[in-house]
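Structure first, commentary second.
Values reported hereafter were calculated over all heavy atoms of this structure, with side chains retained and with hydrogens, waters and symmetry mates removed.
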Amino acid sequence: MDPSYFRIETDFDYTDSRDKVFRILYIESGRATFKIDFSTYELVGPTLLFVSENQLLSVEDKNDKLLGKTVCFSNDFFCIKLNRSETFCDAVIFNTTKPPYIPLEASELRRVDYLITAMNNELEEANEFQEEIIISQLKTLLLSSSKVKLKQYGEVDLSVLSPIVTDFQNLLDKEYERQHNVQFYADELNISPKGLNKAVKKELGRTVSDLIKEKLIVEAKRELYIKELSIKEIGFKLGFEDPAYFSRFFRKETSHSPKEYAELL
């Protein structure tokens, strides 16, 4: 199986790792400090930690007893959004409004360990049913994790979003670096800007413009943290042809210029 689609990693040597995969870190035992984007969590096993695609992940200050595995899967292998009604994982375990981890009790630990071991064993036995079996086991792990997180952190809204809002979220994920105008999203979805804003605000609590800006700022902050691109290059990547306009936009949303923000990191 192509490891860019699905793989299980056996160490936690992450330093500003950023891939187009979702990660479920199974911390079996030990302690470490994990940094996801710009938030830090000190965790002790047994715990599950969830990292969405494109998020920055670093593991710092780990002790010698840190053991576990990481389940990595891409949207091409298992699409979170297409399987929303089956696993609820984008609303629960990969939900940025809740803590991205869940401590495990003994019974939960046994189930998680069994499922990850089973997926790892299946990877070593290539056969024509391998992908379907692993997807089934992955679904079970995601659904079990959602159940545990709901029990620990309380109920969240699991209602299925309207098709127009779901389509907008999917389109925004693909186009936000190139398209910053509300009119574009409305035209693509065959709805008026006012109608799209009304639906999005009702179900997500923010306007279309707010969500576009949020995606751009989060991505800009990640790039400034990595320091692989110049500020001008980051602006171009995010669809700003004028570097000065990008700097003004960033300052308006964060109260810092890109240069000032980079110096704070």
Side-chain angles (χ1 to χ4, degrees), residues 1-28 32 34-37 48-59 62 66-84 86-96 100-101 112-146 166 169-178 215 218-223 225-229 233-234 237-238:
M1 183 179 295
D2 186 340
S4 67
Y5 283 6
F6 181 89
R7 64 183 183 272
I8 294 179
E9 298 170 344
T10 56
D11 58 51
F12 292 130
D13 292 330
Y14 300 116
T15 303
D16 297 333
S17 298
R18 185 185 181 198
D19 299 310
K20 290 194 71 64
V21 294
F22 292 86
R23 284 190 169 98
I24 305 173
L25 281 73
Y26 167 42
I27 306 157
E28 185 177 359
F34 297 84
K35 186 174 181 181
I36 301 176
D37 281 342
L48 288 180
L49 177 65
F50 306 94
V51 183
S52 296
E53 61 177 355
N54 290 325
Q55 285 190 302
L56 289 165
L57 171 64
S58 294
V59 180
K62 60 183 179 180
L66 185 65
L67 296 173
K69 298 180 178 68
T70 303
V71 176
C72 307
F73 63 96
S74 71
N75 250 327
D76 291 330
F77 181 75
F78 182 82
C79 183
I80 293 289
K81 291 175 181 173
L82 289 178
N83 290 275
R84 172 182 288 125
E86 294 183 50
T87 64
F88 302 120
C89 54
D90 64 331
V92 182
I93 55 177
F94 291 108
N95 180 350
T96 56
Y101 60 87
V112 167
D113 189 76
Y114 169 80
L115 288 167
I116 294 178
T117 299
M119 285 187 280
N120 199 39
N121 290 341
E122 194 64 35
L123 279 175
E124 297 175 358
E125 300 177 6
N127 60 76
E128 60 182 312
F129 305 112
Q130 183 189 60
E131 184 171 325
E132 288 78 8
I133 291 171
I134 291 178
I135 287 176
S136 176
Q137 293 165 336
L138 178 60
K139 281 184 180 180
T140 303
L141 177 62
L142 292 169
L143 190 55
S144 298
S145 299
S146 294
T166 299
Q169 287 182 310
N170 294 339
L171 185 62
L172 179 62
D173 286 342
K174 290 190 294 185
E175 300 290 349
Y176 75 93
E177 291 184 349
R178 294 178 292 274
K215 295 279 283 187
V218 168
E219 184 63 20
K221 285 181 175 180
R222 288 171 179 163
E223 292 293 348
Y225 180 83
I226 294 172
K227 294 182 172 65
E228 290 181 352
L229 300 178
E233 289 170 332
I234 293 170
K237 178 185 176 183
L238 295 179

| Those residues that, when tested against F77, pass ring pair (Phe, Tyr, Trp, His ring centres under 6.0 Å) (two or more places apart) |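 Partners of F77 under the ring pair (Phe, Tyr, Trp, His ring centres under 6.0 Å) test: F6.
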| request: Could you list the residues that satisfy ring pair (Phe, Tyr, Trp, His ring centres under 6.0 Å) with F34, not counting sequence neighbours? | output: none
Write down the atom of [X], the atom of [Y], and the distance for their closest heavy-atom approach.
| X | Y | answer |
| --- | --- | --- |
| L229 | E233 | CA-OE1, 3.4 Å |
| S145 | F50 | CB-CZ, 3.8 Å |
| A118 | Q137 | CB-NE2, 3.5 Å |
| I234 | A220 | CG2-CA, 4.3 Å |

Could you list the residues that satisfy side chain to side chain donor-acceptor pair (under 3.5 Å) with [X], not counting sequence neighbours?
| X | value |
| --- | --- |
| S4 | D2 |
| E53 | N75 |
| N54 | none |
| S144 | R111 |

| task | Kindly determine whether E219 and K237 satisfy salt bridge (Lys or Arg N to Asp or Glu O under 4.0 Å), including the steps that lead there. | result | CA-CA 10 Å; E219 184 63 20; K237 178 185 176 183; 3.3 Å; yes
Looking at residues at least two apart in the chain, or sitting in another chain, which of them share a side-chain contact (heavy atoms from CB on, under 4.5 Å) with [X]?
| X | answer |
| --- | --- |
| I36 | Y41, L49, V51, Q55, L57, P100 |
| I226 | R18, L56, E228 |
| S136 | none |
| K174 | none |

Just verifying a value: how many Å separate [X] [atom1] and [Y] [atom2], rounded to the nearest 0.5 Å?
| X | Y | atom1 | atom2 | answer |
| --- | --- | --- | --- | --- |
| D13 | T15 | CG | OG1 | 7.0 Å |
| F22 | S74 | CZ | OG | 9.0 Å |
| I8 | N121 | CD1 | CG | 8.5 Å |
| T10 | L67 | OG1 | CG | 11.0 Å |
| L238 | R178 | CG | CZ | 11.5 Å |
| F78 | L138 | CZ | CG | 5.5 Å |

| request: Take M1 and I134, measure what side-chain contact (heavy atoms from CB on, under 4.5 Å) needs, and give me the verdict at the end. | output: CA-CA 11 Å; M1 183 179 295; I134 291 178; 3.8 Å; yes
| said: One pair to check against side-chain contact (heavy atoms from CB on, under 4.5 Å): I24 and T70. What are the steps and the verdict? | reply: CA-CA 6 Å; I24 305 173; T70 303; over 6 Å; no
| Please walk me through it: do M119 and I133 pass side-chain contact (heavy atoms from CB on, under 4.5 Å)? | CA-CA 8 Å; M119 285 187 280; I133 291 171; over 6 Å; no
| task | Take L25 and Y14, measure what side-chain contact (heavy atoms from CB on, under 4.5 Å) needs, and give me the verdict at the end. | result | CA-CA 11 Å; L25 281 73; Y14 300 116; 4.2 Å; yes
| By salt bridge (Lys or Arg N to Asp or Glu O under 4.0 Å), which residues pair with K215, not counting sequence neighbours? | D173
| note | salt bridge (charged side-chain N to carboxylate O under 4.0 Å, His left out) pairs touching residues 121-137, sequence neighbours excluded, are none
| task | Evaluate side chain to side chain donor-acceptor pair (under 3.5 Å) for D113 paired with Y26, printing each intermediate quantity in order. | result | CA-CA 8 Å; D113 189 76; Y26 167 42; 3.1 Å; yes
| field | Carboxylate-amine/guanidinium proximity below 4.0 Å for R7 and E9 | value |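 So R7 pairs with E9 through a salt bridge.
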| Can D11 and K62 be counted as an ion pair, charged N to O under 4.0 angstrom? |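 No.
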| field | Any donor-acceptor pair under 3.5 Å from S58 side chain to D16 backbone | value | yes
